[in-house]
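Report on the following structure.
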Amino acid sequence: NAGVTQTPKFRVLKTGQSMTLLCAQDMNHEYMYWYRQDPGMGLRLIHYSVGEGTTAKGEVPDGYNVSRLKKQNFLLGLESAAPSQTSVYFCASSRERNTEAFFGQGTRLTVV
Amino acid sequence: AQSVTQLDSQVPVFEEAPVELRCNYSSSVSVYLFWYVQYPNQGLQLLLKYLSGSTLVKGINGFEAEFNKSQTSFHLRKPSVHISDTAEYFCATRRPSGYSTLTFGKGTMLLVSP
């Protein structure tokens, strides 16, 4: 019972480098989300998707791009990493808009 | 716009004592309410949710919460905590309709000591 799986779990980037975080869910959920968690800030929504081929901006979208080419996958990209993007990133999915979200284990990203 | 306020960033308690973690929300429309728990180095796990109906909601691990519309609150309670309840707790809200997403509070760290 995998649920929501995030890859990688840890990553260190140099300023200006790019990377892609992968989120995969096996629950056939329509909705998928990317959040970042920073100390004392709670979770803030970066981007989300309400179905395959759709994406929308959340609260803090700048510096990130996303794609949902397949229903089960939601990719988060950083084109040119900055130290301010050092954070823990969580992916989540939900079956419908009014049901609870299921979270992955997180990706700890450090930008130096 | 919705917002969620968790009034305490940290709550220290002794084992077997009762605890209440406070959550207030701000919304001009009806909302769904959730409590999530995050154990160290893990993702978030749903504790309980209020969608409609009875205002007292029971969740996993002996936790419960009460929805109070007049006070716009959704406080989380447990009558007797264990060491294993040490974790960060997040209150969250979302609108029942439209393409709404979860809005989280900043979290409350529950520290249970022997």
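Order of the sequence lines fixes the chain letters, A, B, ..., with proteins taken first and strands second; residue numbering starts at 1 for each chain.
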Quiz item: To the nearest 0.5 Å, what is the distance between CZ (A/Phe103) and CD (B/Gln42)?
Solution: 14.0 Å

Self-check item: Over all atoms of both residues, closest heavy-atom pair of B/Lys49 and A/Glu100
Solution: NZ-OE1, 2.7 Å

Quiz item: Taking atom CD of B/Glu16 as the centre, does the number of heavy atoms from other residues, nucleotides or ligands within less than 6.0 Å exceed 12?
Solution: no

Practice problem: Go through the atoms of A/Leu43 and report whether side chain, backbone, both or neither lie under 4.5 Å from a heavy atom of chain B. | Solution: both

Practice problem: Identify which part of B/Gln6 has an atom lying under 4.5 Å from any heavy atom of chain A, answering side chain, backbone, both or neither. | Solution: neither

Exercise. Name the region of A/Gln37, side chain, backbone, both or neither, that has any atom closer than 4.5 Å to a heavy atom of chain B.
Key: side chain

Practice problem: Among B/Tyr36, B/Phe90, B/Phe104, find the one that has a ring-ring contact (aromatic ring centres under 6.0 Å, His included) with A/Tyr35. | Solution: B/Phe104

Quiz item: Which pair of non-hydrogen atoms, one from A/Phe90 and one from B/Gln38, has the smallest distance, and what is that distance?
Solution: CZ-NE2, 3.2 Å

Quiz item: For B/Tyr39, does the OH atom have more than 12 heavy-atom neighbours from other residues, nucleotides or ligands under 6.0 Å away?
Solution: yes

Quiz item: Looking at B/Gly105, B/Gly43, B/Ser9, which makes the most heavy-atom pairs under 4.5 Å with chain A?
Solution: B/Gly43

Quiz item: Measuring heavy-atom distances to chain B, does A/Arg44 have an atom under 4.5 Å in its side chain, in its backbone, in both, or in neither?
Solution: neither

Self-check item: Proximity breakdown for B/Leu46 and chain A, heavy-atom pairs closer than 4.5 Å
Solution: side chain

Self-check item: Closest contact, heavy atoms only, A/Gly40 versus B/Lys106
Solution: O-CD, 3.1 Å

Self-check item: Residue, of A/Gly42, A/Gly104, A/Pro39, A/Cys91, that accumulates the most heavy atom pairs under 4.5 Å with chain B
Solution: A/Gly42

Exercise. Would you check, one step at a time, whether the test side-chain contact (heavy atoms from CB on, under 4.5 Å) holds for A/Arg108 with B/Asn41?
Key: CA-CA 10 Å; A/Arg108 187 172 295 276; B/Asn41 299 314; 3.9 Å; yes

